[in-house]
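Worksheet: one structure, shown below.
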Amino acid sequence: MKKYWNKKTSTILSMVLGIALFVGGYSFVQHKIDTQVQTEKVLVAKGDIEPYAALTEANTEVVKRTVAEIGDDAVHSLSELKAGDAFATKFGFTSGAIIHSKYVTDADDSQMGSAVRLKNGNVQMAVKADLVTSTGAEIRPNNTVDIYAYIGNQGEAGGRTVADPSLKGIRVIKVKNTEGVTPTTEGGNTGIPAAVVLEVSPDQAAKIVTFQNQGVVYLLLSGMEKS
C-alpha cells in the first residue's frame, strides 16, 4: 500500500475530496436558493378571518408563495378541506396568512361545537324521536328530512295529518339516544334515537314546537345535504 501512496496520489486524493466538498456545498447552497425562489400554489386568507369562522371561497384564495415560507402542513386548495365543515380555530387567520391544517377544525372538534355550522340566522332544535318517527332509526347526521305531523290523539277520531311545504329538506345535525350519545350497535348503547337535532329557521322551529305539543312529529328521510 505504501508504494502507491506518495505525494502525487496524496495530491490527487486531496483534489478529489476538495471537488466532492465543493459539489456538496454547492448543491446545498443551490437547494437553499431554490427554496427561496421556487413557488407553489397555496391557500391564504383574503382578509382577516375571525376565530371559529367558516373557511369558504369568499374569504380564502389560492396564491403563489415561495416553498420556504409555505411549511409542511399548508393547505393548497379549498378542495382539500371538507366542504361546508372547515372552520378556523380560536386563533383565526390574519389577512394574507397561509391556511395551515393545524389551525383548521370541523364542527365536531370545534370549541364552539356544532353551532359553527349554523347559517343565515338558523337555530338548532331537538325533535323527539323513536324507532317509528325516525324512519326506522335510519336517520344520520347530514341527512335531510321532510317533517309531517299528526295533530290529535292517535287512535281517536278527529285527528289530521299536516304536510307543511316549508318543512322539507331540513338538515340533520345530530342524532342522540336516551343516553345522550350517538346511537350505535357497538358499546352496548341503544341504536334507537330519542332525539334528532335539526337546523331550522326560527319560523320552522315555531311550527315544529306547535306540532310536537299538538300531536306527533314524523321525520321522513329525504336525502343527503348538498354541499
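Residue numbers run from 1 in the order of the sequence given.
Listed by chain and residue number, Q154 satisfy the side-chain hydrogen bond (donor to acceptor under 3.5 Å, both in side chains) test with Y218 (two or more places apart in sequence, or in another chain). In this structure A206 satisfies the side chain to side chain contact (heavy atoms under 4.5 Å, CB included) test with no other residue, sequence neighbours excluded. Residues forming a side chain to side chain contact (heavy atoms under 4.5 Å, CB included) with A205 (at least two apart in sequence, or on another chain): V123, M125, V200. Listed by chain and residue number, S79 satisfy the side-chain hydrogen bond (donor to acceptor under 3.5 Å, both in side chains) test with S77 (two or more places apart in sequence, or in another chain). Residues passing the side-chain hydrogen bond (donor to acceptor under 3.5 Å, both in side chains) test with T60, sequence neighbours excluded: none. Listed by chain and residue number, F91, Y103, T105 satisfy the side chain to side chain contact (heavy atoms under 4.5 Å, CB included) test with T89 (two or more places apart in sequence, or in another chain).
Annotation: salt bridge (charged side-chain N to carboxylate O under 4.0 Å, His left out) contacts involving residues 132-142, sequence neighbours excluded, are absent. Within the structure, no pair that satisfies the salt bridge (charged side-chain N to carboxylate O under 4.0 Å, His left out) test touches residues 122-135, not counting sequence neighbours. Sequence neighbours left out, the pairs with a member in residues 201-220 that pass salt bridge (charged side-chain N to carboxylate O under 4.0 Å, His left out) are D164-K207.
Pairing each heavy atom of K90 with each of Y52, the nearest pair is CB-OH, 3.2 Å. Nearest approach of N122 to S201, heavy atoms of both residues: OD1-CA, 3.6 Å. Contact detail for P202 and G121: the closest heavy-atom pair is CD-O, 3.7 Å. Taking both residues in full, the closest heavy atoms of E80 and A74 are given as OE1-O, 4.4 Å, listed atom of the first, atom of the second, then distance. Smallest separation of non-hydrogen atoms from V75 and S101: CG2-N, 3.9 Å. When all heavy atoms of E50 and A88 are compared, the closest pair comes out as O-CB, 3.8 Å.
Between L219 and L221, every side-chain heavy-atom pair lies at or beyond the 4.5 Å cut-off. Residues I173 and P141 are not in side-chain contact: their nearest non-hydrogen atoms beyond the backbone lie 4.5 Å or more apart. At least one side-chain heavy atom of V162 sits under 4.5 Å from a side-chain heavy atom of F211.
For the pair N213 (side chain) and V209 (backbone), a donor-acceptor distance under 3.5 Å is present. The backbone N or O of T66 lies less than 3.5 Å from a partner atom in the side chain of E69, making a donor-acceptor pair. Here the side chain of N59 pairs a donor or acceptor atom with the backbone of A54 at under 3.5 angstrom. Judged by distance alone, with hydrogens and angles left aside, the side-chain atoms of T133 form no donor-acceptor pair with the main-chain N or O of V216 at under 3.5 Å.
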Using residues 40-48 as the side-chain source, report each donor-acceptor pair under 3.5 Å to any protein atom, sequence neighbours left out, with the distance given to one decimal.
| unit_1 | atom_1 | unit_2 | atom_2 | d |
| --- | --- | --- | --- | --- |
| K46 | NZ | E57 | O | 3.4 |
| D48 | OD1 | S95 | N | 2.8 |

Full working for side chain to side chain contact (heavy atoms under 4.5 Å, CB included) between I170 and T144: CA-CA 5 Å; I170 293 176; T144 57; over 6 Å; no
Trace of the side chain to side chain contact (heavy atoms under 4.5 Å, CB included) decision for I208 with T210: CA-CA 5 Å; I208 296 170; T210 299; over 6 Å; no
Stepwise side chain to side chain contact (heavy atoms under 4.5 Å, CB included) check, T39 with V67: CA-CA 5 Å; T39 60; V67 175; over 6 Å; no
I99/V104 under side chain to side chain contact (heavy atoms under 4.5 Å, CB included): CA gap, chis, key distance, verdict: CA-CA 8 Å; I99 306 299; V104 178; 3.7 Å; yes
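Atom NE2 of H76 is separated from atom CD1 of I70 by 5.0 Å, given to the nearest 0.5 angstrom. Atom CG of L167 is separated from atom CG of D146 by 9.0 Å, given to the nearest 0.5 angstrom. Atom OG in S134 sits 11.0 Å away from atom CG in N143 (nearest 0.5 Å).
Connectivity analysis of hydrophobic side chains (ILVMFWY, heavy atoms under 4.5 Å, direct or indirect) links L131 to I192.
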